[in-house]
Amino acid sequence: MAAVTSPETSPQPRVYFQTPDASEPETPVRKQGRVTVKYDRKELRKRLNLEEWIIDQLTDLYDCEEEAIPELEIDVDELLDMPSDVERAARVKDLLVDCFKPTEDFVSELLDKIRGMQKLSTPQKK
């Protein structure tokens, strides 16, 4: 016959599991890749590569580390909204007004890189 042990005489500690309260909502499980469903993964990759290229170019133009680049934002979507390359070039040159190095090569390369890109607008919630 097996010996009955009480919790006080048991040689091993007992583990108790708490059940969650019904009043606490469970956190929903997020699906992987939800952003890439609303946006095209290829466009996101192109945009990321462009952003990295812009940072590299700005560090060269301003001759400093990324953290020391003057506060300026080259908004690619804003540039894509503009009707012509002339206006885009003028906007970028306005942003780089305090840069003492020549910016013409940067501006023309940037315009070449954004040509054909899609604007990443915020998706509408369904």
Side-chain angles (χ1 to χ4, degrees):
M1 188 166 179
V4 178
T5 59
S6 67
E8 296 82 28
T9 61
S10 176
Q12 300 212 350
R14 290 190 165 222
V15 178
Y16 297 96
F17 295 97
Q18 291 182 333
T19 57
D21 289 342
S23 63
E24 291 182 25
E26 290 187 28
T27 55
V29 177
R30 294 191 79 166
K31 295 180 183 177
Q32 292 287 331
R34 185 172 181 163
V35 170
T36 56
V37 171
K38 294 186 180 195
Y39 300 112
D40 181 21
R41 182 183 296 265
K42 190 175 178 183
E43 273 306 309
L44 287 173
R45 175 56 53 199
K46 280 169 56 174
R47 185 62 66 102
L48 179 63
N49 290 339
L50 178 66
E51 298 281 341
E52 290 172 350
W53 178 83
I54 289 172
I55 290 171
D56 288 342
Q57 295 301 308
L58 290 176
T59 56
D60 289 344
L61 284 173
Y62 285 97
D63 225 2
C64 62
E65 295 297 318
E66 180 179 339
E67 295 80 26
I69 295 173
E71 189 65 36
L72 69 109
E73 181 179 341
I74 298 175
D75 186 350
V76 176
D77 286 334
E78 176 189 358
L79 296 175
L80 290 172
D81 280 340
M82 293 179 175
S84 70
D85 277 354
V86 174
E87 291 180 60
R88 291 180 187 114
R91 175 68 179 135
V92 175
K93 286 178 184 177
D94 285 346
L95 293 170
L96 300 173
V97 72
D98 59 343
C99 181
F100 297 109
K101 288 188 175 182
T103 59
E104 290 77 18
D105 289 342
F106 169 73
V107 173
S108 64
E109 281 186 63
L110 176 62
L111 296 180
D112 285 343
K113 288 181 179 291
I114 67 169
R115 198 168 287 119
M117 288 184 91
Q118 296 174 9
K119 184 178 173 187
L120 293 181
S121 59
T122 306
Q124 299 289 324
K125 287 199 173 195
K126 295 180 181 177

If you round to the nearest 0.5 Å, how far is [atom2] of [Y] from [atom1] of [X]?
| X | Y | atom1 | atom2 | answer |
| --- | --- | --- | --- | --- |
| Leu72 | Ile74 | CG | CD1 | 5.5 Å |
| Leu44 | Arg47 | CG | CZ | 8.5 Å |
| Gln118 | Lys42 | CD | NZ | 10.0 Å |

Note to self: Same cluster or not: Val92 versus Met82, using hydrophobic residues (I, L, V, M, F, W, Y) connected whenever any side-chain heavy atoms lie under 4.5 Å apart?
What the structure shows: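 Same hydrophobic cluster.
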
Notebook entry, point to check: In terms of hydrophobic clusters joined by side-chain contacts under 4.5 Å, are Trp53 and Leu96 together?
Noted result: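 Yes, Trp53 and Leu96 fall within the same hydrophobic cluster.
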
Next item on the list: Could you tell me whether a side-chain N or O of Ser84 sits under 3.5 Å from a main-chain N or O of Glu87, the two making a donor and an acceptor?
Entry: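 Side chain of Ser84 to backbone of Glu87, a donor-acceptor pair under 3.5 Å: yes, one is there.
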
Note to self: Given 3.5 Å as the limit, does a donor-acceptor pair link the side chain of Arg88 with the main chain of Leu111, or not?
What the structure shows: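 No; zero donor-acceptor contacts below 3.5 Å.
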
Check: Would Phe100 and Asp63 satisfy side chain to side chain contact (heavy atoms under 4.5 Å, CB included), going step by step from the backbone distance to the final call?
Finding: CA-CA 10 Å; Phe100 297 109; Asp63 225 2; over 6 Å; no

Check: Can you list the steps and then say if Arg115 with Leu80 is a side chain to side chain contact (heavy atoms under 4.5 Å, CB included)?
Finding: CA-CA 8 Å; Arg115 198 168 287 119; Leu80 290 172; over 6 Å; no

Note to self: Check this for me, if you would: do Asp60 and Lys101 make a salt bridge, where the nitrogen-to-carboxylate-oxygen distance has to be below 4.0 angstrom?
What the structure shows: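 Salt bridge between Asp60 and Lys101, a charged N being under 4.0 Å from a carboxylate O: no.
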
Item checked: Pair Asp81 + Arg91, salt bridge at N-O below 4.0 Å ->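 Arg91 and Asp81: not salt-bridged.
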
Notebook entry, point to check: Are Lys113 and Val76 close enough that some pair of their side-chain heavy atoms sits under 4.5 Å apart?
Noted result: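 When only atoms from C-beta onward are counted, Val76 and Lys113 do not touch, as no gap falls below 4.5 Å.
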
Notebook entry, point to check: Are any of the side-chain heavy atoms of Lys46 and Leu50 separated by less than 4.5 Å?
Noted result: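 A side-chain contact is absent here, since even the closest heavy-atom pair is not under 4.5 Å.
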
